[in-house]
Amino acid sequence: MPPAFHLQPLLDLASTRTDEAARKLGELVAAERDVEQKLKMLEDYRAEYHERFVQAARDGLSPDAWRNYSAFIAKLDDAIAAQRKVVEQSRARTVEGQQAWLTQRTRLKAFDTLAQRHQQTVARSEARQEQKQSDEHAARRGGEDA
């Protein structure tokens with residue numbers, strides 16, 4: 001029975017943490033995509049509403065209608081500014097998630113390298129042991145033939 005890799009629990013933990021970091025990163029990327037989509041929707045709606053405002057102004061607007069259009073566009077601008085902040089925050093969280101995943105992946109690779117070296121050492125040791133047994137067996141058979 002070959003000796004067990006004594007860092008196997010750490011390798012397993014690193015693997016689990018890497019998987020978890022990858023899952024979280026996927027969630028962060030999806031959330032970022034969602035908030036960017038909402039920002040684009042707000043910007044598109046603002047552009048469309050502004051175009052309606054310009055057209056209505058060409059056709060003639062009452063002072064009340066002008067104020068209403070202007071106030072609504074100002075509210076849309078505020079919503080867009082707030083959504084841009086949400087997008088920036090989401091992007092920052094995604095970058096943090098990428099860093100966390102890279103850190104975990106690096107740690108996993110290190111433990112995996114150690115595990116591979118352990119397996120190679122065990123394999124070389126077993127090969128030497130088999131060769132030694134084969135040599136002893138051949139020596140005994142050679143002694144019997146004499």
> Is there side-chain contact between M41 and Q37, with at least one heavy-atom pair below 4.5 Å?
Replying inline: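 Sidechains of Q37 and M41: no contact.
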> Taking C-beta and beyond as the side chain, do S15 and D19 meet within less than 4.5 Å on heavy atoms?
Replying inline: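 Yes, their side chains come closer than 4.5 Å.
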Qualifying salt bridge (charged side-chain N to carboxylate O under 4.0 Å, His left out) pairs, either residue in [range], two or more places apart:
{"range": "residues 95-122", "result": "none"}
{"range": "residues 50-68", "result": "E48-R52, D64-R67"}
{"range": "residues 27-44", "result": "R23-E27, E32-R91, E36-R91, K40-D44, E43-R84"}

>> Checking Q119 now: which residues fulfil side-chain hydrogen bond (donor to acceptor under 3.5 Å, both in side chains) with it, not counting sequence neighbours?
In response: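 With neighbours one apart ignored, the set is empty.
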Supply the members, apart from [X], of the Ile/Leu/Val/Met/Phe/Trp/Tyr cluster built from side-chain contacts under 4.5 Å; use none for a lone residue.
{"X": "F111", "answer": "F5, L7, L10, L11, L108, L114"}
{"X": "L25", "answer": "V29, W101, L102"}
{"X": "V122", "answer": "none"}
{"X": "L28", "answer": "none"}

Partners of [X] by side chain to side chain contact (heavy atoms under 4.5 Å, CB included), sequence neighbours excluded?
{"X": "A56", "answer": "L61, Y69"}
{"X": "T106", "answer": "none"}
{"X": "R17", "answer": "L13, Q104"}
{"X": "E136", "answer": "K132, R140"}

>> Between S125 (side chain only) and T121 (backbone N and O only), is there a donor and an acceptor less than 3.5 Å apart?
In response: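 No.
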